[in-house]
Amino acid sequence: MKKSIGILGGMGPLATADLFRKIVLLTDAARDNDHIRVYIDDNASIPDRTAAILSGGADPLPAMTDSLRKLEVCGADCVIMPCNTAHYFLPRLQALTGVPFLSMLEATAGTCAARFPGGTAAVLATKGTLSAGLYQAALEQGGVPFLLPNDAEQGALMRVIYDGVKAGKGPEEYRADMEAVVEALTDRGADYFILGCTELPLAAQALGLQVPAVDPTEELAKAAIRFAGYGVKEP
């Protein structure tokens, strides 16, 4: 029996649209009726996850729970979140529902191990994601070697994410920061990059970034398609 997907979105809106687009593009479908039923709650009022983790910002869990309840009422068979940092709150959310959450982190770690066996990943992410050790734990469990950006590089990535993509700016506004981080981590031994904030695949696409990379948004889309009982379109 085919299943439906619920997207707990708004973190941010463009990343939510990117996840839905990737689900549609990656589903092996020959006509409209071959696609998956997807429910989306694009709740842009959810408080910032990095601020909550690092500096005592407003707890996003109540607003995320409200979105979860709406997706439950719709009848979603699984829930996915197009925000890496939001996965810090996933265990608390999962405890509130019988609807399974699919983890972007686990999907990404599995792809890293399969696609780049023995290679060293550089984790590009928000300060909240890195501080919480979200990818570190998932990659260690998957046996994937990795590097992390230093403090200055994390600051540059935050500018790309918040002052660039989330602010609706064009790629020339953040090109220097993104390319400097990639170059520095390559010099330190990175073989490929995990675009571990859902704004970063959008930045990489806008910049035409030509480096080996894993897109967690894409890996989450594939995991959701398979969960729903549909085929993933081969490239």
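- Linking Ile, Leu, Val, Met, Phe, Trp and Tyr whenever their side-chain heavy atoms come within less than 4.5 Å puts L14 and M178 in one cluster.
- Residue R226 holds its CZ atom at 11.5 Å from CG of L102, rounded to the nearest 0.5 Å.
- The heavy-atom pair separating L130 from A125 by the smallest distance is CD1-O, 3.8 Å.
- Linking Ile, Leu, Val, Met, Phe, Trp and Tyr residues whenever their side-chain heavy atoms come within less than 4.5 Å leaves L105 and I161 in two separate clusters.
- Annotation for F116: atom CZ counts as buried by contact number, over 12 foreign heavy atoms lying within 6.0 Å.
- A donor-acceptor pair under 3.5 Å is absent between the side-chain atoms of Q205 and the main chain of L202, judged by distance alone.
- Under the 4.5 Å side-chain contact rule for hydrophobic residues, L90 and M104 share a cluster.
- A donor-acceptor pair under 3.5 Å is absent between the side-chain atoms of E173 and the main chain of D163, judged by distance alone.
- Counted within 6.0 Å of OH on Y88, heavy atoms from surrounding residues, nucleotides or ligands total 12 or fewer; the atom is thus considered open.
- The two residues H35 and A29 have their closest heavy-atom pair at NE2-CB, 3.4 Å.
- Taking the ring axis of F227 as reference, the NZ or CZ atom of K3 stays within 45° of it and closer than 6.0 Å to the ring centre.
- Between D41 and K70, no side-chain nitrogen of the basic residue sits less than 4.0 Å from a carboxylate oxygen of the acidic one, so the salt-bridge criterion is not met.
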Could you go through the salt bridge (Lys or Arg N to Asp or Glu O under 4.0 Å) check for D66 and R69 one step at a time?
CA-CA 5 Å; D66 179 70; R69 297 303 182 217; over 6 Å; no

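- When side chains are defined from C-beta on, V79 does not count as touching Y39, because their heavy atoms never get closer than 4.5 Å.
- The neighbour count for R37 CZ, taken as heavy atoms of other residues, nucleotides or ligands under 6.0 Å away, does not exceed 12.
- In this structure, R115 places its CZ atom where more than 12 heavy-atom neighbours from other residues, nucleotides or ligands lie under 6.0 Å away.
- Counting heavy atoms from C-beta outward, N84 and T126 have side chains that stay 4.5 Å or more apart.
- Closest approach of A203 to V165, counting heavy atoms only: CB-CG2, 3.8 Å.
- Hydrophobic clustering places Y192 together with L148 (ILVMFWY residues linked when any side-chain heavy atoms are closer than 4.5 Å, directly or through intermediates).
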Applying side-chain contact (heavy atoms from CB on, under 4.5 Å) to M81 and M64, what does each step give before you reach the verdict?
CA-CA 10 Å; M81 296 190 294; M64 295 168 79; 3.7 Å; yes

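- Two different hydrophobic clusters hold M158 and I194 under the rule that ILVMFWY side chains link at heavy-atom gaps under 4.5 Å.
- Atom CD of Q136 is surrounded by more than 12 heavy atoms from other residues, nucleotides or ligands within 6.0 Å.
- A salt bridge is defined here as a Lys NZ or Arg NE, NH1 or NH2 lying under 4.0 Å from an Asp or Glu carboxylate O, and D18 with R21 fails to meet this definition.
- Side-chain contact check for P201 versus E218: every heavy-atom pair is 4.5 Å or farther apart.
- K166 pairs by the side-chain hydrogen bond (donor to acceptor under 3.5 Å, both in side chains) definition with E199, not counting sequence neighbours.
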